[in-house]
Peer 1: 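Handing you this structure, nothing more for now.
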Amino acid sequence: MSISDARKVRLLMELRGGGVTDARTLAAIERTPREEFVSGPFVGQAYDNAALPIGCNQTISQPLVVGLMTQELALDDRAKVLEIGTGSGYQTAILSRLCRRVYSIERHRPLLREAEARFRALHLHNVTTRLGDGSRGWPEQAPFDRIIVTAAAHDIPPVLLEQLKVGGIMVLPVGDTEQDLLRVRRTDSGYDIHSFLAVRFVPLVEGVPEE
Ligand code: SAH
């Protein structure tokens, strides 16, 4: 077993201990090489249970948080998923193995370009990306079975609630410096909201930067 395999096994045990018990989620994490999603100086830390810098002042999310958010989405291979905040593309790659198609939006062009190159290299052909402000959702493709937001908003963006199918699930961090991870399920008559973890994410920012 290589050093990186041994580190991966250790990380998977840590995720199980932290509550990621769903076998499909764990298998998707196991099959996704996190070292391909971090830049040179951080490759040695790719299997640490930590968020790491990816450029543009952003971070690749902590593996435990990726695992717990993925698990809460309860994906199946028919699901059409919207992701806000492509970042490195790591969470996107995991989702892509568990659903029919992922539509992922990122506001930083350099991050999006790098993530797209990774999807091609890993032959992840069911990912569609867009440069833009994800707080507006993706109206042309709505409604979605699942929505995941990987940047923190002050409140649940109403547009995203509208773009969720009845019976659908959205997972997102809400709050300012510290956030609660919320699982929102759309019902026939409204939305059931349940908070499942305290987290720290980078903020959801409106608009697209000039680059
Ligand atoms: N899931 C990513 C997390 C990256 S951090 C990963 O694991 O790599 C969150 C990302 O959300 C950042 O790349 C940030 O640029 C992006 N983001 C923030 N606000 C956004 C918005 N309004 N629309 C689209 N992307 C946004």
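Ligands are counted one by one from 1 in listed order, and the atoms in each one are counted from 1 as well.
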Peer 1: Counting each atom of ligand 1 from 1 as listed, which ones have a heavy atom of Gln91 under 4.0 Å away?
Peer 2: 1 (N)
Peer 1: As an exercise, identify every atom of ligand 1 less than 4.0 angstrom from a heavy atom of Ile105.
Peer 2: 24 (C), 25 (N)
Peer 1: Return the residue, atom name and 0.1 Å-rounded distance of the protein heavy atom closest to atom 23 (N) of ligand 1.
Peer 2: Gly134 N, 2.7 Å
Peer 1: What is the closest protein heavy atom to atom 11 (O) of ligand 1, and at what distance does it sit?
Peer 2: Gly85 CA, 3.2 Å
Peer 1: Is Asp133 touching ligand 1 with its side chain, its backbone, both, or neither, if touching means heavy atoms under 4.0 Å apart?
Peer 2: both
Peer 1: Tell me which protein heavy atom sits closest to atom 13 (O) of ligand 1, plus the residue, atom name and distance to 0.1 Å.
Peer 2: Glu106 OE1, 2.7 Å
Peer 1: Does some side-chain heavy atom of Arg97 sit less than 4.5 Å from a side-chain heavy atom of Leu124?
Peer 2: yes
Peer 1: Nearest protein heavy atom to atom 9 (C) of ligand 1, by residue and atom, and its distance?
Peer 2: Thr150 O, 3.3 Å
Peer 1: Once you round to the nearest 0.5 Å, how far does CD1 of Ile60 lie from CD1 of Ile54?
Peer 2: 7.0 Å
Peer 1: May I ask you to say whether Glu162 pairs ionically with Arg186, meaning some side-chain N is under 4.0 Å from a carboxylate O?
Peer 2: no
Peer 1: State whether the shortest distance between N or O atoms of Ile60 and N or O atoms of ligand 1 falls below 3.5 angstrom.
Peer 2: no
Peer 1: Which atoms form the tightest heavy-atom contact between Gly175 and Ala152, and what is the distance?
Peer 2: O-CB, 4.1 Å
Peer 1: Please confirm whether Gly207 comes under 4.0 Å of ligand 1, counting heavy atoms of the residue only.
Peer 2: no
Peer 1: Tell me, with the steps shown, if Thr86 and Leu111 meet side chain to side chain contact (heavy atoms under 4.5 Å, CB included).
Peer 2: CA-CA 8 Å; Thr86 319; Leu111 295 181; over 6 Å; no
Peer 1: Mind checking whether Thr86 has a heavy atom under 4.0 Å from ligand 1?
Peer 2: yes
Peer 1: Looking only at protein heavy atoms, which one is nearest to atom 7 (O) of ligand 1, and how far off is it?
Peer 2: Ser61 N, 3.1 Å
Peer 1: Where is the nearest protein heavy atom to atom 8 (O) of ligand 1: which residue, which atom, and how far?
Peer 2: Ser88 OG, 2.6 Å
Peer 1: Can you name the closest pair of heavy atoms from Thr70 and Val66 and give their distance?
Peer 2: OG1-O, 2.6 Å
Peer 1: Identify the two heavy atoms, one from Leu181 and one from Val171, that lie closest to each other, and give their separation to 0.1 Å.
Peer 2: CD2-CG1, 4.5 Å
Peer 1: Going by the ring-ring contact (aromatic ring centres under 6.0 Å, His included) test, which pairs reach into residues 17-64, not counting sequence neighbours?
Peer 2: Phe37-Tyr90
Peer 1: May I ask you to identify the nearest protein heavy atom to atom 22 (N) of ligand 1, giving residue, atom name and distance to one decimal place in Å?
Peer 2: Val205 O, 2.6 Å
Peer 1: Does this structure show an ion pair linking Arg118 with Glu114, if we count only N-O contacts that are shorter than 4.0 Å?
Peer 2: yes
Peer 1: So, the side chain of Tyr191 versus the backbone of Leu161: is there a donor-acceptor pair under 3.5 Å, distance only?
Peer 2: yes
Peer 1: I'd like to know if Pro203 contacts ligand 1, where contact means a heavy-atom distance under 4.0 Å to any ligand atom.
Peer 2: yes
Peer 1: Using heavy atoms and a threshold below 4.0 Å, how should the contact between Arg107 and ligand 1 be classified: side chain, backbone, both, or neither?
Peer 2: both
Peer 1: Can you name the atoms of ligand 1, numbered from 1 with element, that are less than 4.0 Å from a heavy atom of Val202?
Peer 2: 5 (S), 9 (C)
Peer 1: Scan for salt bridge (charged side-chain N to carboxylate O under 4.0 Å, His left out) pairs involving residues 66-89, sequence neighbours excluded, and state none if there are none.
Peer 2: Glu72-Arg183, Asp76-Arg78
Peer 1: What part of Thr92, side chain, backbone, both or neither, has a heavy atom within less than 4.0 angstrom of ligand 1?
Peer 2: neither
Peer 1: Heavy-atom contacts under 4.0 Å between Gln58 and ligand 1: side chain, backbone, both, or neither?
Peer 2: side chain
Peer 1: Tell me: protein heavy atom nearest atom 4 (C) of ligand 1, and distance?
Peer 2: Thr59 O, 3.0 Å
